[in-house]
Amino acid sequence: MNILSGRFQKFIRNFTQLIDTAGGDESLLIPRGKVILSQLVAADDWLPDRYAQPHPQYYQQYLLHADPSDRFSVVSFVWGPGQKTPIHNHTVWGLIGMLRGGEHAENFCLGAEGRPMQACGAQQLRPGVVESVSPITGDIHRVSNLFEDRVSISIHVYGGNIGRVCRDVFDPQSGTRKPFVSGYSNEGEVCTTSAAPLRVL
Ligand code: FE
């Protein structure tokens, strides 16, 4: 991953230092992490083209950095025109920094078993904006490209090796969950020790 710029390397140094200090304390990690990620997405001149490539059918998740102890990972999320995720959770904290274009994020709450999922808030993210998700405050959402005619890109930081984390997608009508492991769109160049099975949505 050495084609990533000095700006990104500085971001990784700062974020590693934060994790060293804050450990798993989200009350420290999330506000301080937002400041560090804001500095990274304040300029859109550093992400190499290879990590900004959309796929005609599927949104892409390129691994940019994996902490050697799996304490955090950083990915670029690339949306082709009109692409969206299913409703999903994360099971770890996450920060979402908008780099290019825009996203529409809809939050959901689990209702009674077998009942439709409840929408509980939505945001539109524009370049430079940083949002967070957390299993403590709510981490179930559906995200879509705000645009039907252009690519959007956000940079995400997660409290684990997100492509290897076992999490869930949800059926909007019944709330029924189905486990999945996302993997990475650049699996070929990713080297990690985890042997979890992969299924890219
Ligand atoms: Fe998400």
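Numbers for residues simply follow the sequence, beginning at 1.
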Next item on the list: Check whether the side chains of Asp139 and Ser134 place a donor and an acceptor atom closer than 3.5 Å, and report yes or no.
Entry: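 Note: Asp139 and Ser134 side chains miss the donor-acceptor criterion.
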
Item checked: Thr91 and Asn89 side chains, donor-acceptor separation under 3.5 Å ->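 No, Thr91 and Asn89 have no side-chain donor paired with an acceptor closer than 3.5 Å.
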
[X] [atom1] to [Y] [atom2] distance, which is reported to the nearest 0.5 Å:
X: Asn14; Y: Gln9; atom1: CG; atom2: CD; answer: 11.5 Å
X: Leu64; Y: Ser76; atom1: CG; atom2: OG; answer: 4.5 Å
X: Asp171; Y: Ile87; atom1: CG; atom2: CD1; answer: 8.0 Å
X: Leu146; Y: Leu125; atom1: CG; atom2: CG; answer: 9.0 Å
X: Gln118; Y: Leu110; atom1: CD; atom2: CG; answer: 10.0 Å
X: Met98; Y: Ser154; atom1: CE; atom2: OG; answer: 5.0 Å

Margin query: I'd like to know if Arg71 pairs up with Asp20 as an ion pair, taking the criterion as any Lys NZ or Arg NE/NH1/NH2 lying under 4.0 Å from an Asp or Glu carboxylate oxygen.
Written below: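 Here Arg71 pairs with Asp20 in a salt bridge, since their nearest N and O are under 4.0 Å apart.
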
Next item on the list: Identify whether the distance between the nearest side-chain nitrogen and carboxylate oxygen of Arg142 and Glu103 falls below 4.0 Å.
Entry: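 Result for this pair is no, no salt bridge flagged.
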
Under a 4.5 Å side-chain heavy-atom rule over Ile, Leu, Val, Met, Phe, Trp and Tyr, are [X] and [Y] clustered together?
X: Ile140; Y: Phe77; answer: no
X: Ile19; Y: Phe8; answer: yes
X: Val75; Y: Val129; answer: no

Margin query: Please list all pairs meeting disulfide (SG to SG under 2.5 Å) that have one or both residues in residues 121-169, counting only residues at least two apart or in different chains.
Written below: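 Residue pairs with at least one partner in residues 121-169: there are none.
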
Next item on the list: Mind jotting down which residue pairs meet the disulfide (SG to SG under 2.5 Å) criterion with at least one end in residues 78-165? Sequence neighbours excluded, please.
Entry: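 Of all non-adjacent pairs touching residues 78-165, those that pass disulfide (SG to SG under 2.5 Å) are Cys109-Cys120.
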
Checklist line | Summary of ring-ring contact (aromatic ring centres under 6.0 Å, His included) pairs that have at least one residue in residues 111-137, sequence neighbours excluded | finding: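 For residues 111-137: none.
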
Notebook entry, point to check: Can you list every pair that meets ring-ring contact (aromatic ring centres under 6.0 Å, His included) and has a residue in residues 93-147, with sequence neighbours left out?
Noted result: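 Residue pairs passing ring-ring contact (aromatic ring centres under 6.0 Å, His included), neighbours aside: His88-His141, His90-His141.
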
Next item on the list: Could you tell me which residues satisfy ring pair (Phe, Tyr, Trp, His ring centres under 6.0 Å) with Phe72, sequence neighbours excluded, listed by chain and number?
Entry: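 In terms of ring pair (Phe, Tyr, Trp, His ring centres under 6.0 Å), with neighbours along the sequence ignored, Phe72 is linked to Phe15, His65.
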
Margin query: Taking ring pair (Phe, Tyr, Trp, His ring centres under 6.0 Å) as the definition, give me every residue that meets it alongside Phe170, ordered by chain and number, with sequence neighbours left out.
Written below: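 Ring pair (Phe, Tyr, Trp, His ring centres under 6.0 Å) list for Phe170, sorted by chain: empty.
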
Return yes if some donor-acceptor pair links the side-chain N/O of [X] with the main-chain N/O of [Y] below 3.5 Å, else return no.
X: Gln83; Y: His55; result: yes
X: Arg100; Y: Val78; result: no
X: Gln60; Y: Tyr58; result: yes
X: Tyr184; Y: Leu63; result: no
X: Trp46; Y: Gly6; result: no

Heavy-atom pair with the smallest gap, counting every atom of [X] and [Y]:
X: Ser182; Y: Ile162; value: OG-O, 3.7 Å
X: Gly80; Y: Pro54; value: CA-CB, 4.1 Å
X: Ser144; Y: Lys84; value: CB-CB, 3.4 Å
X: Asn145; Y: Trp79; value: ND2-O, 3.4 Å
X: Ser152; Y: Gly101; value: OG-CA, 3.5 Å
X: Val41; Y: Leu99; value: CA-CD1, 4.0 Å

Check: Parallel under 30°, tilted from 30 to 60°, perpendicular over 60°: which one fits the rings of His156 and Tyr158?
Finding: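 Correct class here is perpendicular.
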
Note to self: For the CD atom on Gln124, are there more than 12 heavy atoms of other groups (residues, nucleotides or ligands in this structure) within a distance under 6.0 Å?
What the structure shows: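 Yes, the 6.0 Å shell around CD holds more than 12 heavy atoms from other groups.
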
Notebook entry, point to check: Does atom CZ of Arg115 have more than 12 heavy-atom neighbours, drawn from other residues, nucleotides or ligands, at distances under 6.0 Å?
Noted result: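 No, CZ of Arg115 has 12 or fewer neighbouring heavy atoms, counting only those of other groups under 6.0 Å.
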
Notebook entry, point to check: Ser132 pairs by side-chain contact (heavy atoms from CB on, under 4.5 Å) with which of Ile96, Leu29, Leu95, Leu37?
Noted result: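 Of the listed residues Ile96, Leu29, Leu95, Leu37, the side-chain contact (heavy atoms from CB on, under 4.5 Å) partner of Ser132 is Leu95.
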
